[in-house]
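The residues of the chain are indexed from 1 along the displayed sequence. All values below come from the heavy atoms of this structure, side chains included, with hydrogens, waters and symmetry mates left out. Ligands are counted one by one from 1 in listed order, and the atoms in each one are counted from 1 as well.
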Amino acid sequence: MGWLKNTISEIFSSLGTPKSEGPRRPSPPHTPETVILPRDKHPISRRNIDPDALKVLYRLLNHGYKAYLVGGSVRDLLLSRKPKDFDVATDASPKDIRRLFANSVIIGRRFKIVHIRFRNNKIIEVTTFRKKGEEDESRPGLPTMRDNTFGTPKEDAFRRDLTINGLFYSVKDYTIIDYVGGLEDLENKIIRMIGDPRTRITEDPVRIIRAIRHAARIGFTIDPEIRQAVGELRHNLTHCSPARFHEELVKELKGGYSRETLRLFKEYGILEVLFPEMHKAVDEKAVIAESFYSCLGLLDAMTRSGREFSIPFLFSVPMIPVVTALIRTQVRESESKPDIPRLIGVFLTQALSRVGVSKRTIDSMRHLLFLNWKMLEMFEHGHISSSLRHKAYFSEAFDLLAIATKASGAFPGAPWPPGPDGFEPLKRFIHAPRKKRRRGPRGKRDNIAAAD
Ligand code: ATP
Ligand code: MG
């Protein structure tokens with residue numbers, strides 16, 4: 001980031017704008033000066049840009065259109081991070097784009113975006129510059145728009161969410177174009193919304209979640225104006241489509257920074273709005289809170305080491321401590337044998353009702369968490385029956401058990417994250433079902449109750 005510090009200081013002195021030394025100036029509404037950084041003032045090289053994204057950019061340019069790399073990829077390249085995806089914005093209409101790329105499909109009904117498909121399921125998303133207020137129906141839940149009018153590059157930058165997500169990179173002259181003050185905020189390590197946070201959150205409350213995710217991911221401070229707006233408007237999240245939360249939450253859980261994101265969710269009152277049951281448990285019981293954050297931290301270590309998990313697994317990880325506590329209480333307090341799978345199912349349906357998790361996912365989670373519980377019980381008796389290996393969810397439940405036992409401190413010195421073949425220290429506990437002591441000439445095997 002040293003390059004940025006020098007560059008930004010130069011830019012601000014040349015613009016005659018004094019750069020604040022102490023605490024940051026309050027958030028806009030302000031319209032920053034447009035800054036254009038030439039190639040020798042920034043570190044983005046075409047070598048770091050996906051070759052297929054370059055192909056798309058050059059083909060658009062060669063046909064006379066404007067085309068820029070936009071959004072998260074420019075932000076990540078400036079932060080020397082590997083971008084997850086490369087998005088392109090252009091003045092070509094969706095139909096024009098479709099004509100130029102045989103491997104493309106148009107998605108969205110009103111505001112159309114184009115997905116250009118490449119090998120290995122890679123998609124380069126191309127959008128036509130649009131104005132603020134134009135919403136994207138391919139992301140369900142956003143307000144419906146009336147028009148399908150397009151905008152200029154500058155208007156397109158201003159309709160984006162965060163200043164650090166509003167930067168453009170041009171392959172025509174290798175410049176970075178900053179209409180929204182994103183470079184300054186990158187240098188100051190601050191997450192700010194483009195425009196007034198109250199207005200932007202009212203337009204689309206999911207921006208709260210995005211601001212928190214980006215802060216957690218790159219360790220930036222959240223602008224106090226966003227904090228205040230979130231405090232006032234966080235309950236608006238309940239008006240959003242659960243499908244959009246689902247999309248964003250999967251990104252959190254897969255992304256390697258779920259522990260910090262959920263910690264911030266708690267701090268900003270978002271856990272309370274989206275997961276009231278989880279919030280209550282984490283708020284009231286320090287041991288549950290500790291285990292909840294440990295489980296997420298362990299998941300992060302696994303995803304950062306390259307492991308990929310199913311959606312039911314991802315949503316099960318933060319549920320381990322509260323589901324385990326719930327089962328323990330039921331077992332202790334019920335007079336008859338509790339129906340544990342049912343208990344888990346009812347709890348999950350309630351706890352996940354606001355975040356668009358499908359019935360099918362909940363059903364898989366129920367199996368996974370029940371098997372995890374069975375194994376946890378067996379583990380506590382020092383013996384996990386190898387007959388469970390044949391269960392449909394065994395391998396994922398075993399990974400879940402690795403997280404549960406490591407989070408509880410059962411294996412303090414064991415290496416983490418486990419390799420793709422699982423958690424070695426735990427494997428020592430898997431044995432063939434024990435033989436029952438023979439009482440007479442024909443003894444029977446002790447059948448350890450297998451999970452459903
Ligand atoms: P990631 O690294 O998670 O992909 P990203 O910032 O690229 O982060 P995307 O969901 O890929 O996130 O969105 C691409 C871009 O679209 C963002 O950088 C931002 O400019 C814009 N964007 C996405 N969601 C919104 C929103 N709700 N409101 C305004 N702009 C948005
Ligand atoms: Mg992206």
CA sep, side-chain torsions, deciding dist, call: Arg307, Asp399, salt bridge (charged side-chain N to carboxylate O under 4.0 Å, His left out) | CA-CA 11 Å; Arg307 295 285 307 273; Asp399 278 327; 2.8 Å; yes

Could you state the interatomic distance from CZ (Arg366) to CG (Leu343), rounded to the nearest 0.5 Å?
-> 11.0 Å

Taken to the nearest 0.5 Å, the spacing of Asn372 CG from Phe394 CZ works out to 11.0 Å

Does Lys254 come within less than 4.0 angstrom of ligand 1, counting non-hydrogen atoms of the residue?
-> no

So which of the N, O or S atoms of Asp85 lies nearest the Mg ion (ligand 2)?
-> OD1

Ligand 1 atoms in contact with Arg159 (distance to a heavy atom under 4.0 Å) | 29 (C), 30 (N)

Asn165 contact mode with ligand 1 (heavy-atom cut-off under 4.0 Å) | both

The reported gap from CZ in Arg117 to CD1 in Ile123 (rounded to nearest 0.5 angstrom) is 5.5 Å

Minimum-distance pair of heavy atoms, taken over all atoms of Leu376 and Ala404 = CD1-CB, 4.3 Å

Kindly identify the option in Lys82, Lys251, Arg207 whose heavy atom sits closest to atom 10 (O) of ligand 1.
-> Lys251

Backbone, side chain, both or neither: what part of Val70 comes under 4.0 angstrom of ligand 1, heavy atoms only?
-> neither

Contact with ligand 1 for Arg75, non-hydrogen, under 4.0 angstrom = yes

Ligand 1-proximal atoms of Leu162, by part, heavy-atom distance under 4.0 Å | neither

Using heavy atoms and a threshold below 4.0 Å, how should the contact between Arg217 and ligand 1 be classified: side chain, backbone, both, or neither?
-> side chain

Should the ring pair Tyr68 and Phe129 be called parallel, tilted or perpendicular, given that the plane angle runs from 0 to 90° and is split at 30 and 60?
-> tilted

Could you tell me whether some N/O pair between Ser73 and ligand 1 is separated by less than 3.5 angstrom?
-> no

Geometric N/O contact Gly71 with ligand 1, under 3.5 angstrom = no

Per-residue contact class, Arg160 against ligand 1 - non-hydrogen pairs under 4.0 Å | both

Thr361/Ser364 under side-chain hydrogen bond (donor to acceptor under 3.5 Å, both in side chains): CA gap, chis, key distance, verdict = CA-CA 5 Å; Thr361 297; Ser364 299; over 6 Å; no

Would you say the side chains of Arg160 and Asn165 form a donor-acceptor pair under 3.5 Å?
-> no

Is ligand 1 under 4.0 Å from a heavy atom in the side chain of Glu252, in the backbone, in both, or in neither?
-> neither

